[in-house]
Amino acid sequence: MITEKEQLVSFVLHLADDSLVLGHRNSEWTGHGPILEQDIAISNIALDLIGQARNFYQYAAALKADGATEDTLAYLRDAMDYKNALIAELNKGDWAVTTLRQFFFSTSKFYLYQQLQNNSDTTLAAIAEKSLKEVTYHLRWSAEWVIRLGDGTDESNARVKTALEYLWPYTGELITPASYEQAQPGIDFAALKKNWTNHVLQVLEQALLTPPVNDWMQSGGKQGIHTEHLGYLLAEMQYLQRSYPGCEW
Amino acid sequence: MKLIFLHKYHYGDIPGENTGNATTSRPASTEWPLWEVFIRSKQGLDHKHVGSLHASDAAMAIENARDVYTRRQEGISIWVVESKHIHAADPAEAQSLYDPANDKIYRHPTFYDLPDELTHI
């Protein structure tokens, strides 16, 4: 029997892992952005996400109350313990993959945090309220990039089309709740799905893009079944703590 | 005697060693235009020039300005203007433009007694 508290811990860890993993992926652009200004923009977003992840990890550690800290949760869990959606762990790809992924991801977080900020769990509500301001900007920034690329040059259009074909099968997981999500009170996942779909279709239309007709969807990340990409990401991210336990700087 | 008229230069286009935009080797069509950024640090103060950046259009320029120049809470309002719309005086004419004001101290309002309550003068 899974207790209510275990469900809540899973839910909070899922939110934390989502933000940490995508934050880490985005941080791979630092120093490699297509132009200085966008290098800073994507790095800012990466930092926002890692900041959100820290809040969620701290809350999860407090809930677990078994000696876990934000650091042990981030650096000492294996891939199968990670509950992030698959779309967050995919390689950063080109700028089209990165911005389109951010757009899909931020749209789902935007509508989720909007609901969560009124949640009866006051800690979750507070984190959601703080994160929502950041996510609102991520959503605006990424949607504008999707539109620019789609309605841009032949090359940008072709690239974002390829990115759309690649990413689309991973979007289903963003709007399909896992059991530990459904167990949380006060979240209307049907509304989340509806809002997500409406906004995404509206932006894609502006970007002269149509989603693929094949709507078969990948899943598993939220249950700890990941793509091969997450292992490499964790190997890099956790290397220091694994090799030099307790290392600080 | 040759009269020197004011020449208009685009910002960054000042000739000679002061040339600011030496990055015109790539074709103009692939180069994003340069924008000047003005930030108001708090309500009631003026927008101040803080720097420049590249962006494809005004919307992106404002977002880039937000990311580049307001990361540490520097501002509450952003203006951007494309650099080509700013015209600058020629530094070579500085003598004739600014030096004549040197010995005209009567233009400074220093001969008034100000009440103590007045600040920011």
Side-chain angles (χ1 to χ4, degrees), chain A residues 23 26-27 29-52 94-96 98-100 102-103 106 110 130 132-160 203 206-207, chain B residues 10-13 18-43 47-86:
Chain A
N26 284 342
S27 78
W29 278 105
T30 304
H32 303 276
I35 182 167
L36 174 80
E37 290 82 353
Q38 296 301 330
D39 192 305
I40 297 175
I42 192 77
S43 302
N44 280 350
I45 291 174
L47 282 171
D48 285 348
L49 289 172
I50 289 165
Q52 292 167 15
D94 62 8
W95 195 246
T98 288
T99 52
L100 185 61
Q102 189 66 49
F103 169 63
S106 296
F110 176 78
K130 181 170 184 287
L132 186 60
K133 289 179 192 163
E134 297 168 344
V135 169
T136 304
Y137 183 74
H138 304 169
L139 180 54
R140 169 186 159 158
W141 176 88
S142 56
E144 287 187 5
W145 264 110
V146 170
I147 294 167
R148 272 200 194 92
L149 294 174
D151 193 10
T153 64
D154 287 345
E155 187 188 350
S156 72
N157 179 272
R159 282 188 184 230
V160 75
V203 169
Q206 267 185 281
Chain B
H10 297 318
Y11 176 85
D13 280 346
N18 294 326
T19 298
N21 66 342
T23 57
T24 48
S25 51
R26 278 189 284 165
S29 60
T30 62
E31 180 91 16
W32 286 350
L34 192 66
W35 299 75
E36 299 304 318
V37 181
F38 300 82
I39 304 275
R40 162 184 278 168
S41 55
K42 60 181 183 186
Q43 213 61 256
H47 284 77
K48 279 216 165 63
H49 184 239
V50 294
S52 55
L53 47 75
H54 288 94
S56 62
D57 52 53
M60 193 199 278
I62 287 180
E63 286 181 13
N64 286 350
R66 179 261 186 201
D67 280 320
V68 176
Y69 292 110
T70 68
R71 305 178 77 214
R72 301 176 187 86
Q73 296 186 301
E74 289 94 336
I76 55 157
S77 168
I78 298 173
W79 286 354
V80 293
V81 59
E82 228 186 306
S83 307
K84 69 178 183 188
H85 296 306
I86 293 184

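Chain identifiers are assigned alphabetically (A, B, ...) following the order of the sequence lines, protein sequences preceding nucleic acid strands; residue numbering begins at 1 within each chain. A quick note: this is a predicted structure, and the numbers were derived from the prediction, not measured.
For the pair B:W35 and B:V81, the minimum side-chain heavy-atom distance is 4.5 Å or more.
Taken from CG in B:D57 to CD in B:E63, the straight-line distance is 8.5 Å, to the nearest 0.5 Å. Between atom CD of residue A:Q52 and atom NZ of residue A:K130 there is a gap of 7.5 Å, rounded to the nearest 0.5 Å.
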Check step by step if side-chain contact (heavy atoms from CB on, under 4.5 Å) holds for B:W79 and B:V37. CA-CA 6 Å; B:W79 286 354; B:V37 181; over 6 Å; no
Are B:L34 and B:K84 close enough, and set up right, to give a side-chain contact (heavy atoms from CB on, under 4.5 Å), and what steps lead you there? CA-CA 8 Å; B:L34 192 66; B:K84 69 178 183 188; over 6 Å; no
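Checking side-chain atoms of B:H54 against main-chain N and O of B:S56 turns up no donor-acceptor pair under 3.5 Å. When atom types are taken as modelled, the side chain of B:S52 and the backbone of B:E36 share no donor-acceptor pair closer than 3.5 angstrom.
Proximity to chain B is absent for every atom of A:I42, based on heavy atoms less than 4.5 angstrom apart.
When the heavy atoms of residues 141-148 of chain A are compared with those of chain B, the residues falling under 4.5 Å are A:W141, A:E144, A:W145, A:R148, listed by number. Residue-level contacts of residues 69-78 of chain B with chain A, in order of numbering, are B:R71; threshold 4.5 Å between heavy atoms.
With chain B as partner, the option from A:I40, A:N44, A:L36, A:I45 having the largest number of non-hydrogen pairs under 4.5 angstrom is A:N44.
Residue pairs meeting the salt bridge (charged side-chain N to carboxylate O under 4.0 Å, His left out) criterion with at least one partner in residues 34-52 of chain A, sequence neighbours excluded, do not occur; the list is empty.
Residues that satisfy the salt bridge (Lys or Arg N to Asp or Glu O under 4.0 Å) test with A:D94, not counting sequence neighbours, are A:R159.
Remark: of the listed residues A:L49, A:L139, A:T136, A:L139 is the sole one forming a side-chain contact (heavy atoms from CB on, under 4.5 Å) with A:S106.
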